[in-house]
Amino acid sequence: MTLLPDEQAKKEFLERVRTALGRTEPLKHVPDHPSLKMELPQQEQKVRTIQAKNEARRERLITALLSRAEQMGWRVNRVPGPEEAARAVAEIARDAGAKKAARSAQDIFKRVDVDGALRKMGINPLVLASGRTRHRSQLKGLSFEAEVGITGVDYAIAETGSCVVIPRKGLSRMVSLAPPVYIALVEPAQVMESLDDVFAIRRMQYMQNNGRDTNYMNFISGPSRTADIEMTISIGVHGPGQVHLIMIG
Amino acid sequence: MSEVKSKEFQSASKAALNDKGLQRLLGRVVHGFADLRDAAVEEVTEPVWEQLRERARSIKQQTLANLDYYLELVDKSVTRNGGHVHFAKDADEANKIVLEIAKRHDVKRVVKSKSMVSEEMGINQVLEANGIEPVETDLGEYIIQLAKETPFHIIAPALHKSREQVSDLFHDWLKSQPTNEIEELCRIARDELRDKFATADMGITGANFIVAETGTVMLVTNEGNGRMTTSAPRVLVTLAGMEKVVPALEDLATFIRLLPRSATGQRISAYTTFLGGPRSATDEDGPEEYHLVLVDNGRMNVLKDPEMREVLQCIRCGACLNTCPVYQKVGGHAYGWVYSGPIGAILTPLLVGMDEGKELPFASSLCGACKDVCPVKIDIPRLLLRLRGRATEGGNGVKGSAPWIQKLMVRRWFSSVKTRQAMNRSAKLGRLLQRPVARGGRIKRIPLPMVSGWTQQRDFPALAPKSFSEVWRDSLDKP
């Protein structure tokens, strides 16, 4: 039932583009563009250099991330370890008056016992992932009911104060979006210096997977906001109005 | 395609100037955006900003020069991601494709995140006419959808609406209690739209950039409606102008640094979303089916036109609107179509045709502020001048509007300034001829048919009693 593209229209369209550019034949070579030139081995080398550079200045990057994140509207908390992180999460949920807190099913929750800490506060933890007892179709509705959403991240970017979240199995797109309060758990090794670093890594991963990489990603850089009425900032429109970044270690 | 009313620029801008409420709002908000942008640029420092602009311009130029290659690459990449890529010649074709996708999935309700090309297409009217409910989910777009208006500004579509007007609209359409609190108005919209997100069958987004190598569409949003639109419905369609392509993921860093700063003065917007296909088999959520529709709608002619091609570099940030002394006074609706301000004065005549849009290139003082702030270094004043040239003298398939007498006068004027002697002679003659009409150094009206238009909008400076060279000579003669 899918509407398949009209291949003839596609061909004619591309021919018109070619004619508009004054060409009669398709290009024989890849255009000379620096970001396209690098093959996988060079891209991997580039990423190794980036990782080494960031590893060497980890502490400075963390400080830079936390200060930029604060400027971008994150509430920032640095804790020494997993236990304190779990407690910090539970306290945020309690202060928000939450009854239900949704989390993803990422590995980080094996280290950080968020569920236990939440229960101690009398808050119901809810794992927002499909499984034997829960069908995919229920996730959207459940995410709309939760008052807090908690996820780990893939990267954090010091340049922009962003958390990079790549949804996949166990990590619904809705956990970091639908509940009015969002908590991102970040670990030191995830901190990247710049946007360039993250895009270089993503390109490498894409090439490693032969283009069969996940299609979806978000850079989250503070609370949801709008200035659409009289250019006056208002926080928390469709996404969370309160966002917390917890740095573990 | 959506209706074009650009011929009415004169009367519409007069009406805007006489609208006191609008003038009050414009004075406050448009400058506000420009100030925020300036502060954000200052923070990265001028030399760094210049490097970014230069890099962005070069990436865009290089991509446009090989657009056939990159569009084919987009097609391959998105298809590999599991999506479908459609190419549409014009608004009608694009509308038909979207409608057909919707029909095949028995779609009743569509949630839309902001898309300027969808405004060109007028897709909402097409969906409505076919019994499908389109819901704009960007707050500004939602407001103007309720008000049945077109965007007033590229990035802030409801900039012209006061909180009282928004409250009235919500009261009329959503039966909400009137309020003066902007927070409360946002809450009303959020609750209303939550329900739409929960029940919509299809999502439509625009695209800020499309990465050819990976088939990645990038969306810049602040409210989260873009994320909702790309996550909740089971079918997702992205609409994009064919010029939105960049080669590789790493090119995006430059544009992320430029776009939010130029648009809203933000270092980065709250959400930068990347998508490019349906969800994978293991993903928890996301659309089951994904379509990318690449739209020409007049762009091919611009690509073909070496003098104008650079306007396709535009990333729709709106910075040129905010800094434009004309836009600051007349606002967005006077321009009569989807795009307003300096960039609209170029895009409208190029995309919809000179017949409809020829008033607009004249709506500029050519002060050059737009060129200074453009993040991709489009030489806007030069393009405006060239379009004026085409509108009057003709060229590029356009029939010029200048009457023969005006063309004759310009030719006469040209030969009269070619040599010193000719210029002195003409000046003498001119001083004689202007006597009946020059008053206090100005000519307010030339009472001759066909040339009277020259003084309709402004006074013509009269020739001075003595030319500079005469004054100079006289002063040298004196001891």
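Lettering of chains follows the sequences in order, A, B, ..., and the numbering in each one begins at 1.
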Checklist entry - When you measure from the side chain of B:E183 to the backbone N and O of A:S234, does any donor-acceptor pair fall under 3.5 Å? => result no
Next on the checklist: Tell me whether B:E223 contacts the main-chain N or O of A:H238 through its side chain, where contact means a donor paired with an acceptor under 3.5 Å.
Outcome noted: no
Next on the checklist: Could you walk me through whether A:F199 and B:F274 satisfy the ring-ring contact (aromatic ring centres under 6.0 Å, His included) test, starting with their C-alpha distance in whole Å, then the side-chain angles of each, then the deciding distance to 0.1 Å, before giving a yes or no?
Outcome noted: CA-CA 12 Å; A:F199 285 122; B:F274 304 82; 5.8 Å; yes
Next on the checklist: Any side-chain to backbone donor/acceptor pair from A:E230 onto B:K161? Under 3.5 Å, distance only.
Outcome noted: no
What pairs of donor and acceptor atoms, side-chain ones from residues 23-31 of chain A against any protein atom, are under 3.5 angstrom apart with sequence neighbours left out?
residue	atom	partner	partner atom	Å
A:R23	NE	B:D68	OD2	3.4
A:R23	NH2	B:D68	OD1	2.6
A:R23	NH2	B:D68	OD2	3.2

Checklist entry - Checking B:R227 side chain against A:A178 main chain: does a donor-acceptor pair fall under 3.5 Å? => result no
Next on the checklist: Please check this pair: side chain of A:R225 against backbone of B:N222, looking for a donor-acceptor N/O pair closer than 3.5 Å.
Outcome noted: no
Checklist entry - Less than 4.5 Å apart, any side-chain heavy atom of A:D196 and any of B:R257? => result yes
Checklist entry - Counting N and O atoms only, with roles assigned by atom type, does the side chain of A:R173 sit under 3.5 Å from a partner on the main chain of B:T230, one being a donor and the other an acceptor? => result yes
Next on the checklist: Suppose a student defines contact as a heavy atom less than 4.5 Å from any heavy atom of chain B. Which residues in residues 148-159 of chain A would they list?
Outcome noted: A:E159
Checklist entry - Passes side-chain hydrogen bond (donor to acceptor under 3.5 Å, both in side chains), A:H33 versus B:N66? Steps please. => result CA-CA 11 Å; A:H33 186 74; B:N66 297 300; over 6 Å; no
Next on the checklist: With a 4.0 Å cut-off on N to O distance, would you call B:D75 and A:K10 a salt bridge?
Outcome noted: yes
Checklist entry - In terms of heavy-atom proximity below 4.5 Å to chain A, should B:R279 be classed as side chain, backbone, both, or neither? => result both
Checklist entry - Looking only at atom types and distance, does a side-chain atom of B:R267 sit under 3.5 Å from a main-chain N or O of A:T160, one as donor and one as acceptor? => result no
